[in-house]
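Notes for the one structure printed next.
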Amino acid sequence: MVELEDLDGVGPTTAEKLREAGYDSVESLAVATTGELMEAAELGMRVAVRVINSARDAAKMGYETATEVLERRKHIGRIRTGSASLDRIIGGGIETQALSEVFGEFGSGKSQLAHQLCVNAQLPPEEGGLGGKAIYIDTENTFRPERIEQMARAVGLEPGRVLDNIYVARACTTDHQVLLAGKAADLAKQGDVRLIVVDSLTSLFRTEFCGRGALAERQQRLARHLAELHKLAELHDLAVFVTNQVQARPDVFFGDPTRPVGGHVLGHSATARIYLRKSKANTRVANLVDHPGLPPESATFQIVEAGIRDPD
Ligand code: ADP
Ligand code: MG
């Protein structure tokens with residue numbers, strides 16, 4: 001393994017400062033920005049650039065062959081949703097090393113799906129899970145442990161243990177939300193977190209940055225938040241699942257929230273966008289939108305006491 005001290009421009013003192021600031025691996029430096037490093041480790045700009053470039057070389061973050069990409073993608077894990085037809089259109093479940101977004105109107109089932117994934121992430125792989133823990137960042141106060149208990153029982157897991165394996169935090173402001181994503185990194189470093197939910201990704205950004213004048217800043221801050229979530233997905237091989245409530249056409253209001261404006265070095269992560277619509281009674285229609293490798297198909301599922309399921 002390459003240590004920080006092996007990098008060009010990093011002596012023992014700098015390595016110490018970097019670790020204190022939370023950069024404890026070559027990978028974490030490879031995805032850092034120059035400004036971040038200058039501030040965190042009191043480096044000059046030239047040194048910061050040298051450190052990042054050297055970390056990118058060491059972490060092989062330049063070009064790689066398609067064979068290497070294929071090899072890495074073989075390790076992608078998937079969390080099943082509870083509905084086989086929904087799983088089919090998204091390629092077998094919500095992927096790790098990627099950020100998936102579900103968008104739709106109020107009541108379309110976004111939070112229900114998020115709850116189900118927190119339970120299913122804990123199932124063993126042969127049952128469609130990843131045997132890991134989940135983190136739930138709740139901005140709308142809609143996380144319900146009682147619902148988790150119901151869903152856990154329905155898949156034969158012990159409800160108390162399932163609740164113990166979900167870290168929940170309520171975010172009240174966008175600053176708080178961003179901070180919680182940072183703290184999620186600390187939890188993820190301990191290893192067994194396989195899913196991070198942000199429900200909702202956008203609601204606080206919408207209320208805090210309203211009006212035309214605030215649009216640019218909102219997009220910028222949201223892009224930074226998303227880039228950080230992408231980093232988490234890549235560095236810790238976990239699935240990031242975000243919800244986004246829309247009234248009518250999301251693109252008109254928002255641009256594409258899963259494509260950060262400034263661009264980021266993690267652009268190769270697969271990104272699924274799922275559009276949910278209410279249908280008759282408890283059924284919902286999901287459409288896969290803009291997937292880099294799958295056709296835009298639709299699936300129907302239902303929300304029942306047991307959770308997300310195929311229609312009868
Ligand atoms: P949103 O997209 O706004 O997050 P939700 O995920 O909260 O929407 O979905 C709400 C829907 O889920 C409601 O239509 C509600 O009837 C359904 N629902 C919630 N709990 C249950 C349950 N225990 N059994 C059946 N349906 C439920
Ligand atoms: Mg919701």
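Counting convention: from 1, in listed order, for ligands and their atoms alike. Counting begins at 1 with the first residue of the sequence.
A salt bridge links E36 with K231: the closest approach of a Lys/Arg side-chain nitrogen to an acidic carboxylate oxygen falls below 4.0 angstrom. Taking a cutoff of 4.0 Å between a charged side-chain nitrogen and a carboxylate oxygen, E105 and R277 do not qualify as a salt bridge.
Looking only at protein heavy atoms, the nearest one to atom 13 (C) of ligand 1 is R284 NH2, 3.9 Å. Nearest non-hydrogen protein atom to atom 6 (O) of ligand 1 is Q112 N, 2.7 Å. Distance from atom 2 (O) of ligand 1 to its nearest protein heavy atom, with residue and atom name: K110 NZ, 2.7 Å. In terms of protein heavy atoms, atom 20 (N) of ligand 1 is closest to R147 NE, 3.5 Å.
Between Y136 and H115, the ring planes are perpendicular. Angles over 60° get that label, and only those under 30° would be called parallel.
Because the distance cut-off is set at 2.8 Å, S200 fails to qualify as a neighbour of the Mg ion (ligand 2), as none of its N, O or S atoms comes that close.
G104 does not count as a contact of ligand 1, since none of its heavy atoms falls under 4.0 Å from the ligand.
R46 places no side-chain N or O within donor-acceptor distance of the main-chain N or O of L43, the cut-off being under 3.5 Å. With hydrogens and angles ignored, the 3.5 Å screen pairs a side-chain donor or acceptor of R78 with a backbone N or O of G91.
Ligand 1 places these atoms under 4.0 Å from at least one heavy atom of G109: 1 (P), 2 (O), 5 (P), 6 (O), 8 (O), 9 (O). Per-residue contacts place F106 under 4.0 angstrom from the following atoms of ligand 1 (heavy atoms of the residue considered): 3 (O). The ligand atoms of ligand 1 that sit less than 4.0 angstrom from a heavy atom of E305 are 24 (N), 25 (C). For ligand 1, the atoms lying closer than 4.0 Å to a non-hydrogen atom of Q150 are 23 (N). Of all atoms in ligand 1, numbered sequentially from 1 with element shown, those under 4.0 Å from a heavy atom of I303 are 12 (O), 17 (C), 18 (N), 25 (C), 26 (N), 27 (C). Counting the atoms of ligand 1 from 1 in the order shown, those under 4.0 Å from a heavy atom of V304 are 24 (N), 25 (C). For ligand 1 and E105, the ligand atoms under 4.0 Å from any heavy atom of the residue are 2 (O).
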For this session: Begin with the C-alpha distance, continue with both residues' side-chain angles, and end with the deciding distance and a verdict on side-chain hydrogen bond (donor to acceptor under 3.5 Å, both in side chains) for R194 and Q122.
Result: CA-CA 9 Å; R194 294 273 73 96; Q122 302 186 38; over 6 Å; no
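Under the 4.0 angstrom criterion, atom 24 (N) of ligand 1 counts as having a protein heavy-atom contact.
Note that R221 lies outside the cation-pi zone of F209, set by a 6.0 Å cut-off to the ring centre and a 45° limit from the axis.
With distances taken over non-hydrogen atoms, the option nearest atom 10 (C) of ligand 1 out of G107, S111, G307 is G107.
For the pair V198 and T243, the minimum side-chain heavy-atom distance is 4.5 Å or more.
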